[in-house]
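Below, each value reflects all heavy atoms present in this structure, side chains not excepted, and no hydrogens, waters or symmetry copies. Per chain, numbering begins at 1; letters A, B, ... match sequence-line order.
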Number of protein chains: 4
Amino acid sequence: MPKETFFRLPPARRDRLVDEAIVEFAERSYVEASLSQIAKRARIPKGSFYQYFEDKLDLYRWLLTDEVPRRKRAFLGEDGATGASFWERLALHIERGMAFLVEHPQLARISAAAADPTALPEVRGLHRAICDAGLDELRATLEEGIRSGALGKVNLELATRLVATVIGPGLTDVVLAELGAELHEVLASDDLRARLSARRRRALADQTVAFLRSGLGAPEDSLATPPRGGKARA
Amino acid sequence: MPKETFFRLPPARRDRLVDEAIVEFAERSYVEASLSQIAKRARIPKGSFYQYFEDKLDLYRWLLTDEVPRRKRAFLGEDGATGASFWERLALHIERGMAFLVEHPQLARISAAAADPTALPEVRGLHRAICDAGLDELRATLEEGIRSGALGKVNLELATRLVATVIGPGLTDVVLAELGAELHEVLASDDLRARLSARRRRALADQTVAFLRSGLGAPEDSLATPPRGGKARA
Amino acid sequence: MPKETFFRLPPARRDRLVDEAIVEFAERSYVEASLSQIAKRARIPKGSFYQYFEDKLDLYRWLLTDEVPRRKRAFLGEDGATGASFWERLALHIERGMAFLVEHPQLARISAAAADPTALPEVRGLHRAICDAGLDELRATLEEGIRSGALGKVNLELATRLVATVIGPGLTDVVLAELGAELHEVLASDDLRARLSARRRRALADQTVAFLRSGLGAPEDSLATPPRGGKARA
Amino acid sequence: MPKETFFRLPPARRDRLVDEAIVEFAERSYVEASLSQIAKRARIPKGSFYQYFEDKLDLYRWLLTDEVPRRKRAFLGEDGATGASFWERLALHIERGMAFLVEHPQLARISAAAADPTALPEVRGLHRAICDAGLDELRATLEEGIRSGALGKVNLELATRLVATVIGPGLTDVVLAELGAELHEVLASDDLRARLSARRRRALADQTVAFLRSGLGAPEDSLATPPRGGKARA
DNA sequence: TATGAATGAGTTTTCATTCAT
DNA sequence: AATGAATGAAAACTCATTCAT
């Protein structure tokens with residue numbers, strides 16, 4: 001956690017530091033990110049940095065577990081989906097995720113980085129915790145879906161992880177493909193957001209939910225025959 | 001591409017170099033990986049390395065585009081799925097992917113690294129090419145599925161990317177969860193492979209295919225009501 | 001240009017660095033000169049060097065375009081030749097150049113290095129600029145000599161370049177011959193300066209000016225016959 | 001000196017080696033020149049090189065003291081100036097030097113490099129010997145000029161060195177200025193030679209000789225008043 | 001004799017962190 | 001508390017020369 005001094009910083013100075021840190025960690029992995037760069041671009045002396053944070057990891061940890069989630073919550077606001085069905089709520093969740101990605105690609109990228117492997121044990125611990133929290137939340141959601149009867153009979157663990165991947169990196173890929181851009185272009189430019197209209201986002205969310213709900217199989221065969229017959233196998 | 005010299009190397013020496021390179025690039029990103037480390041662990045002088053490869057990128061490129069795919073093909077052997085249905089072939093593909101991951105986690109990790117973002121343009125180009133090739137192949141497969149009637153009406157681009165994520169990082173996560181291990185433990189240890197039996201792999205593959213085919217929705221509602229009605233929305 | 005840090009350095013430390021850099025660049029070409037050597041001999045860590053200069057070229061550029069000229073000006077002081085004739089001023093200029101060479105051979109050598117060819121484009125640009133500036137100044141001087149009637153009818157470009165060579169590398173050779181030493185001995189030792197008395201310097205300067213003014217031809221034929229007659233040629 | 005094996009080499013192979021060595025040493029100083037580059041471009045194994053020459057210095061020495069002078073003599077052929085006056089012979093010498101420079105800039109550059117300072121004692125010895133030989137020759141020529149009455153009363157040592165600089169680096173500068181090119185462009189391209197016509201070369205040679213013979217002073221004052229009067233000084 | 005390969009000392013440069021003021 | 005500077009370990013890469021076949 002940042003030191004006391006960090007929170008007593010003049011907001012302008014603090015914001016510069018945080019903003020530049022976000023830029024750096026969005027573009028580079030923890031190891032590759034350079035404190036020197038962050039300090040230089042934020043125009044704060046490198047020495048001062050160590051008054052605010054213990055070290056590079058301290059900054060990264062705080063960004064990953066506090067600041068980025070806070071900004072994400074601030075952007076997303078209230079869920080506003082009370083009363084909706086399970087699938088509707090899922091669609092809304094996806095849509096909001098896409099909006100966040102398009103409007104705040106750097107924050108989204110830092111969040112997503114938790115899924116990247118890294119050789120540093122400390123960072124791995126961090127990433128693990130974040131991923132686990134996300135999975136826990138999604139698992140709870142799916143459990144609720146099961147209770148509500150929206151979901152069929154599923155292997156909960158498998159479903160949790162597959163759905164997490166679909167609405168995580170999967171949708172990021174889809175959005176990038178829609179934008180016709182690579183991640184690094186999106187991180188660098190500010191005006192790509194307009195390229196994905198709210199209408200289009202809704203359509204993509206609906207199609208994704210349809211995929212999660214009913215899969216890709218043709219309707220007639222969808223549940224008629226078991227995927228691979230036990231007898232045929234035996 | 002490696003220089004001629006490399007291919008004329010005594011096999012023991014060459015293998016040491018390649019093996020250590022694989023270890024290093026499996027654990028670290030391109031930028032983080034250290035030639036010095038590779039050379040030291042392979043017990044070849046740093047100067048000698050440059051007899052074999054142009055530079056660090058040359059080694060990485062060769063691993064990524066030649067050696068790792070070659071080893072993967074060697075491991076997977078023939079497809080052996082001729083005559084099977086689309087879904088059966090998909091299940092087989094998934095199963096084989098899981099086997100490769102468990103038996104050769106380092107190779108699998110290097111392959112998968114192509115999906116990780118990186119700030120270096122040259123490396124990005126490499127990764128991009130690999131990802132595109134994978135997507136092209138999968139897209140063709142899905143198109144065939146459509147022709148064969150196995151797949152319903154789908155947005156091909158969306159489906160391609162979502163399926164790719166499911167059978168790529170999605171299944172990796174699932175397997176790691178099954179092993180109760182993190183990627184780095186798997187990369188480091190040789191005997192985790194037994195923890196995921198062929199039977200269990202088959203079961204996971206079947207369930208994954210079921211997910212891709214029919215989704216997670218309860219049978220009765222599966223295709224009865226449209227995911228989200230246009231009217232309900234308007 | 002050096003960074004701010006450099007100018008705030010404790011003088012002893014800064015001087016050590018500059019002095020060793022001058023020694024190194026006086027003895028070796030830009031490419032051959034070694035930052036490691038400079039740092040080692042100045043007893044500053046290599047890492048510290050980069051607090052003071054952007055890189056090797058930054059140091060060299062500053063030496064060549066700022067520090068060496070500054071020291072040269074400091075040594076030469078005021079011209080003090082106002083009112084003198086063109087040829088007298090030229091003699092004074094030459095004399096002062098010889099004094100500088102003898103008293104500060106390293107600075108003189110670094111200046112002169114601008115005339116050496118080099119394969120590095122950036123360094124070539126630097127050298128070119130310095131040579132051009134020197135030629136411009138000399139050309140202006142000669143133009144004034146023409147206006148004052150001291151100079152006869154000359155090809156200005158040719159004259160500028162020939163005179164530049166005479167009073168540049170030419171005089172350096174002459175002085176070294178007088179000292180009975182090679183450049184590197186002069187660069188290495190501090191007490192050769194006394195070997196060339198002011199009286200001798202004045203004599204050499206006078207003779208050089210006589211050469212520039214009247215050439216080497218015997219008086220009687222000096223301008224009587226054209227250098228090579230058109231007819232004689234045809 | 002090269003080893004026996006070198007002279008027994010198939011001419012094509014030997015020529016490739018020599019030609020590439022000339023290219024390399026023309027562009028770079030002894031230290032900067034790279035044997036690896038020479039060997040690679042000449043397509044001879046680096047190991048073989050050491051069958052032909054003791055080391056880098058051996059090659060350089062042979063080029064500088066044997067091969068380049070031999071090629072220079074071959075280009076210049078017979079002097080053909082018997083019977084001409086001292087000044088005519090000098091003009092011819094200069095003209096031939098310019099022709100050599102324009103037609104064989106690489107050979108000329110290697111010759112001229114002997115005047116460049118270097119930190120390596122062995123190379124310094126080489127350069128010194130070459131320069132001294134050139135000066136000896138020129139001194140003898142001037143002595144003959146004195147005997148023939150063409151030259152006035154001169155300080156022989158001073159005159160030798162000043163004339164050497166004028167017709168050496170001085171004329172090179174002049175020619176480069178005429179070509180509107182830098183040395184490195186001339187070294188790299190083959191067709192700049194046409195830019196300096198024989199007629200223009202002759203004119204430059206004549207003007208240079210006029211400079212050496214009569215200096216730059218205006219005719220009326222040229223020898224009337226001593227360069228700087230003893231009285232004026234006192 | 002030919003030669004491909006091996007090698008270690010060398011190069012410039014970056015970086016996170018500590019220290020002194 | 002602020003901060004400018006110091007620093008050493010690390011990085012990728014090049015080179016002339018030697019060695020073994």
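Put simply, CD on Glu24(D) is 14 Å from P on dT14(F), counting in whole angstrom units. Note: NZ (Lys3(C)) to P (dG4(F)) measures 13 Å, nearest angstrom. Atom CG of Leu9(B) is separated from atom P of dA20(F) by 17 Å (rounded to the nearest Å). Distance NZ (Lys40(C)) to P (dT12(E)): 11 Å, rounded to an integer number of Å. In this structure, Gln37(A) places its CD atom 9 Å from P of dA16(E), rounding to the nearest Å. Note: CZ (Arg43(C)) to P (dT7(F)) measures 12 Å, nearest angstrom. Here the C1' atom of nucleotide dC15(E) and the CZ atom of Arg28(A) are 13 Å apart, to the nearest Å. Here the C1' atom of nucleotide dT3(F) and the CG atom of Leu35(A) are 15 Å apart, to the nearest Å.
When heavy atoms are screened at a 4.0 angstrom cut-off, Ala33(D) is found touching the sugar-phosphate backbone but no base atom.
Closest non-hydrogen pair, Pro117(A) versus His184(B), comes out as CB-CE1, 4.0 Å.
OP1 or OP2 of dA2(E) has not a single side-chain nitrogen or oxygen of Arg13(D) nearer than 4.0 Å. The side chain of Ser34(C) places an N or O atom within less than 4.0 Å of a non-bridging phosphate oxygen (OP1 or OP2) of dT12(E). Under 4.0 angstrom from either OP1 or OP2 of dA16(F) there lies at least one side-chain N or O belonging to Ser36(D). In this model, the phosphate group of dT1(E) is not approached by any side-chain N or O of Thr5(D) to a distance below 4.0 Å at OP1 or OP2. Proximity of Arg8(B) to the phosphate of dA5(E): a side-chain N or O atom is located under 4.0 Å from OP1 or OP2.
Heavy atoms of other residues, nucleotides or ligands lying less than 6.0 angstrom from NZ of Lys40(B) number 12 at most.
Using a 4.0 Å cutoff on non-hydrogen atoms, the parts of residues 45-61 of chain D near DNA chain E are Pro45(D), Gly47(D), Ser48(D), Gln51(D), Tyr52(D), ordered by number.
With respect to the salt-bridge test (charged N to carboxylate O, under 4.0 angstrom), the residues Arg61(D) and Asp55(D) do not qualify.
For the pair Phe25(A) and Leu59(A), the minimum side-chain heavy-atom distance is below 4.5 Å.
Pairing partner, dA20(E): dT3(F), with both Watson-Crick or wobble hydrogen-bond distances short of 3.5 Å.
When each of Arg28(A), Arg109(A), Arg124(A), Arg128(A) is paired with Asp116(A), the salt bridge (Lys or Arg N to Asp or Glu O under 4.0 Å) condition holds for Arg109(A) and for no other.
A tilted orientation is assigned to the rings of Tyr60(B) and Tyr30(B), their planes being inclined by 30° to 60°.
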In residues 9-17 of chain D, what donor-acceptor pairs under 3.5 Å come from side-chain atoms, sequence neighbours left out?
{"from": "Arg13(D)", "atom 1": "NE", "to": "Tyr52(D)", "atom 2": "OH", "distance (Å)": "3.0"}
{"from": "Arg13(D)", "atom 1": "NH2", "to": "Tyr52(D)", "atom 2": "OH", "distance (Å)": "3.2"}
{"from": "Arg14(D)", "atom 1": "NH1", "to": "Phe7(D)", "atom 2": "O", "distance (Å)": "3.1"}
{"from": "Arg16(D)", "atom 1": "NE", "to": "Ala42(D)", "atom 2": "O", "distance (Å)": "2.8"}
{"from": "Arg16(D)", "atom 1": "NH2", "to": "Ala42(D)", "atom 2": "O", "distance (Å)": "3.3"}

